[in-house]
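Worksheet for the structure shown next.
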Amino acid sequence: MGFISALSPNYLCLMALRFLVGVGVGGGHVFSSWFLEFVPAQNRGTWMIVFSFFWTLGTVLEASLALVVIPALSWRWLLAFTALPCFLLLPFFGITPESPRYLCAQNRMSDATLVLERISKTNQEALPPGILTYNHGIEVDHNAPTYEIDHLLPVKEKKCTDDNAMSSKSGSVAALRSLLSQNLRRSTLLLWFVFYANTFAYYGLVLLTSQLSDANISCASGLRYVKSEQDASLYKDTFITSLAEFPGLIVSAVLVEWLGRKATMWCLLFTCCGFLGPLVFHQTELWTTALLFGARACAMGSFTVLCLYAPEVYPTSVRSTGVGIANAIGRIGGIVCPLVAVGMLRSCHQMEAIVVFEVVLCLAAIACMLFPVETKGRDMN
């Protein structure tokens, strides 16, 4: 759909096709959940940062592509070039192994064993002796250290439990009921809000990169809104602030294994507030770009740790569903943020717009403090 949208004959058709692209992109959270189910607890934080590095790399490359392609060709070529990596990705789905944890949750022990044997052969390491088991209703001590080997041992079928039967028959309804059960309700509701706030802040900061410059020009001239024609400057600012995600990832990689998941998130969110604070008042373009650079670094770092934390909180049976619903609620924040980042700034209400961002980020930081579980070093349930 991304490639076809480059051929859109009118604006309405373009919007419809880009909507379908968004539907596909909305399933991206499955990648992180799948990836983390392969990574040992002691390395999970570091590898999630490495995983997120490629998101940032794509963001920088997209800004660079826009800087080069749009002035020389047109937006249609930009959409076409952006869709090409998706075609390169398709062949990999045929050779990608299924998560052994998911297979165990579905009572497919033989398939899980085959995946483990394939991993063992690739790594040239022998599987530990024993029987492959999956404890659906196990009680987990969040303070006690656990190890992957305690839960994944080869090679025998295990009888399906009532929980597994319920999840396979009732599907998403049963999963949602589990997410709002007494054990997970607090984590789920807090995650929903933090995902909303992080998405609101992240995409809001992307929009602020262009809108603050346009607002300063239009409001200073006494007009309600004047479209800026300095496209090259816009792409340059977007490129620079996109680069901020790299130091954000580095900082989060250091802090996530030192302070833990919860503390890293609320520290970065409060720091993001600190960078946005001076933007309550009009600043020079250079100072504005520098402040947005710091704010976006913190927002990206916090979002990355959140995407690590959420799959660790949920058990395998509801992990993708739980993270998927949280991401969907987060997208609501992405829909709402233009009303603030664009609407208020075009109406010359810069102070009010920044204050809204500050309040949302502060509440999200407090919500991170209230998370009931610290998942640093904890085995996935």
Side-chain angles (χ1 to χ4, degrees), residues 28-29 32 45 48-49 51-60 62-63 190-212 237-256 259 261-280 283 288-310 326-327 329-338 340-342 345 353-369 371:
H29 68 89
S32 60
M48 185 60 188
I49 304 302
F51 182 87
S52 301
F53 169 85
F54 291 95
W55 168 280
T56 299
L57 182 62
T59 303
V60 173
E62 183 68 14
L190 288 172
L191 278 172
W192 286 356
F193 176 73
V194 177
F195 263 97
Y196 173 91
N198 269 272
T199 308
F200 181 96
Y202 179 84
Y203 290 107
L205 288 169
V206 174
L207 291 171
L208 284 177
T209 302
S210 62
Q211 293 302 318
L212 276 176
D237 291 344
T238 303
F239 175 79
I240 293 173
T241 53
S242 295
L243 288 176
E245 296 187 6
F246 288 112
L249 290 172
I250 294 172
V251 171
S252 60
V254 173
L255 295 180
V256 74
L259 298 178
R261 280 51 161 161
K262 293 169 56 178
T264 299
M265 284 188 283
W266 63 255
C267 282
L268 289 174
L269 287 170
F270 279 133
T271 305
C272 186
C273 288
F275 279 112
L276 286 177
L279 294 177
V280 169
Q283 307 291 339
T288 297
T289 301
L291 290 171
L292 289 175
F293 185 97
R296 186 159 174 182
C298 294
M300 181 60 186
S302 173
F303 210 162
T304 300
V305 178
L306 177 63
C307 291
L308 165 66
Y309 178 81
N327 269 282
I329 292 176
R331 292 298 185 268
I332 298 175
I335 295 171
V336 173
C337 76
V340 178
V342 179
L345 289 175
I354 299 301
V355 167
V356 171
F357 278 97
E358 295 276 76
V359 171
V360 171
L361 287 168
C362 284
L363 291 176
I366 294 172
C368 291
M369 293 179 177
F371 280 136

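What's counted below: heavy atoms across the whole structure, side chains too, no hydrogens, waters or symmetry copies.
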Q.
With side-chain contact (heavy atoms from CB on, under 4.5 Å) as the criterion, how do F200 and V336 come out once you've worked through the C-alpha distance, each side chain's angles and the decisive distance to 0.1 Å?
A. CA-CA 7 Å; F200 181 96; V336 173; 4.0 Å; yes
Nearest 0.5 Å, please: how far is [atom2] in [Y] from [atom1] in [X]?
X	Y	atom1	atom2	value
W266	T271	CH2	OG1	9.0 Å
L190	K262	CG	NZ	9.5 Å
M265	S252	CE	OG	11.5 Å
L255	I250	CG	CD1	12.0 Å
I366	F193	CD1	CZ	9.0 Å
E358	F270	CD	CZ	11.0 Å

Contact between [X] and [Y] at the side-chain level, heavy atoms closer than 4.5 Å - yes or no?
X	Y	answer
F195	F303	yes
Y196	I329	yes
T199	I332	no
C272	L205	yes
L276	L291	no
C298	L269	no

Exercise: identify the closest heavy-atom pair between [X] and [Y]:
X	Y	value
V305	R261	CG1-O, 3.7 Å
V194	C368	CG1-SG, 3.9 Å
I354	L279	CG1-O, 3.5 Å

(Q) I'd like to know whether L306 forms a side-chain contact (heavy atoms from CB on, under 4.5 Å) with L191, so could you lay out the CA-CA distance, the side-chain angles of the two residues, the decisive distance to 0.1 Å, and finally the verdict. (A) CA-CA 8 Å; L306 177 63; L191 278 172; 3.7 Å; yes
